[in-house]
Amino acid sequence: MTEKPPIRHGELTKRAIKRSATTIRAAFQKRYFKLFEDELVYCSSDGKTRKGSVLVATMRGCEKVDEDAFEKSGMFQVMFQEKGKVRILYLKAKNENCRRQWMESIRKQIDLIVGECREIRTHTHIHTHTHTHTHRPTCLFHFKIN
């Protein structure tokens, strides 16, 4: 089966935490990102080696980051839940237009995936939704909601 084409793709700069035995420091790395219906994947800068991903179903929001926080323009953050904790993925787009487009695309997927599952939980109180678009859990019912 062929993979569906990504909704959005392109280079973003990701904040990475470098840890050693004695120090922790933040560094920025260029990565190639692909947003699919249910997942945000990041790869090496050439787009060939997968480095990590975040399921859309675990995302809690996507917001602009104030330029003063990192002294960089085009910054935004994706909040997601992992192992019971809220994590933040800090990203930098090449310009404000690119940042806006990425944020709109991510928010749309959050609304489609997460909103659909919340609506089902809110109105029926029974998890009757079946996942036909992926084999991975994509419903907040599977995750602890704070």
From CA spacing to verdict: side-chain contact (heavy atoms from CB on, under 4.5 Å), Leu35, His9: CA-CA 6 Å; Leu35 176 63; His9 60 93; over 6 Å; no
Inter- and intrachain pairs under salt bridge (charged side-chain N to carboxylate O under 4.0 Å, His left out), touching residues 79-92, at least two apart: Glu82-Arg87
Verify same cluster id: Leu89, Leu12 (apolar side-chain graph, 4.5 Å): yes
Sequence-distant partners of Lys108, side chain to side chain contact (heavy atoms under 4.5 Å, CB included), two or more places apart: Leu112
Pairing residues for Glu11 by the side chain to side chain donor-acceptor pair (under 3.5 Å) criterion, not counting sequence neighbours: none
For Thr13, all residues meeting side chain to side chain donor-acceptor pair (under 3.5 Å), sequence neighbours excluded: none
Could you pull out every donor-acceptor pair under 3.5 Å between side chains of residues 40-47 and any protein atom, sequence neighbours left out?
residue: Ser44; atom: OG; partner: Asp46; partner atom: OD1; Å: 2.5
residue: Ser44; atom: OG; partner: Thr49; partner atom: N; Å: 3.1
residue: Asp46; atom: OD1; partner: Lys48; partner atom: N; Å: 3.0

Check residues 96-103 and write down every donor-acceptor pair under 3.5 Å in which the side-chain atom is one partner and the other belongs to a residue at least two apart or another chain.
residue: Glu96; atom: OE1; partner: Arg99; partner atom: NE; Å: 2.8
residue: Glu96; atom: OE1; partner: Arg99; partner atom: NH2; Å: 3.0
residue: Glu96; atom: OE2; partner: Gly74; partner atom: N; Å: 2.9
residue: Asn97; atom: OD1; partner: Arg100; partner atom: NH2; Å: 2.4
residue: Arg100; atom: NH1; partner: Glu104; partner atom: OE2; Å: 3.2

Phe28 and Lys14: CA distance, side-chain angles, deciding distance, side-chain contact (heavy atoms from CB on, under 4.5 Å) verdict: CA-CA 6 Å; Phe28 287 85; Lys14 173 188 167 297; over 6 Å; no
Review item, side-chain donor-acceptor pairs of residues 62-72, under 3.5 Å, at least two apart:
residue: Glu63; atom: OE1; partner: Gln77; partner atom: NE2; Å: 3.2
residue: Asp66; atom: OD2; partner: Asp68; partner atom: N; Å: 3.1

Gln81 side-chain N/O to Val86 backbone N/O, donor-acceptor pair under 3.5 Å: no
Residues that, via side-chain heavy atoms closer than 4.5 angstrom, fall in one hydrophobic cluster with Tyr32: none
From CA spacing to verdict: side-chain contact (heavy atoms from CB on, under 4.5 Å), Val78, Tyr90: CA-CA 7 Å; Val78 177; Tyr90 291 102; over 6 Å; no
Close side-chain approach of Ile106 and Met59, heavy atoms under 4.5 Å: yes
Salt bridge (Lys or Arg N to Asp or Glu O under 4.0 Å) partner of Glu39, the single match among Arg50, Lys4, Lys34: Arg50
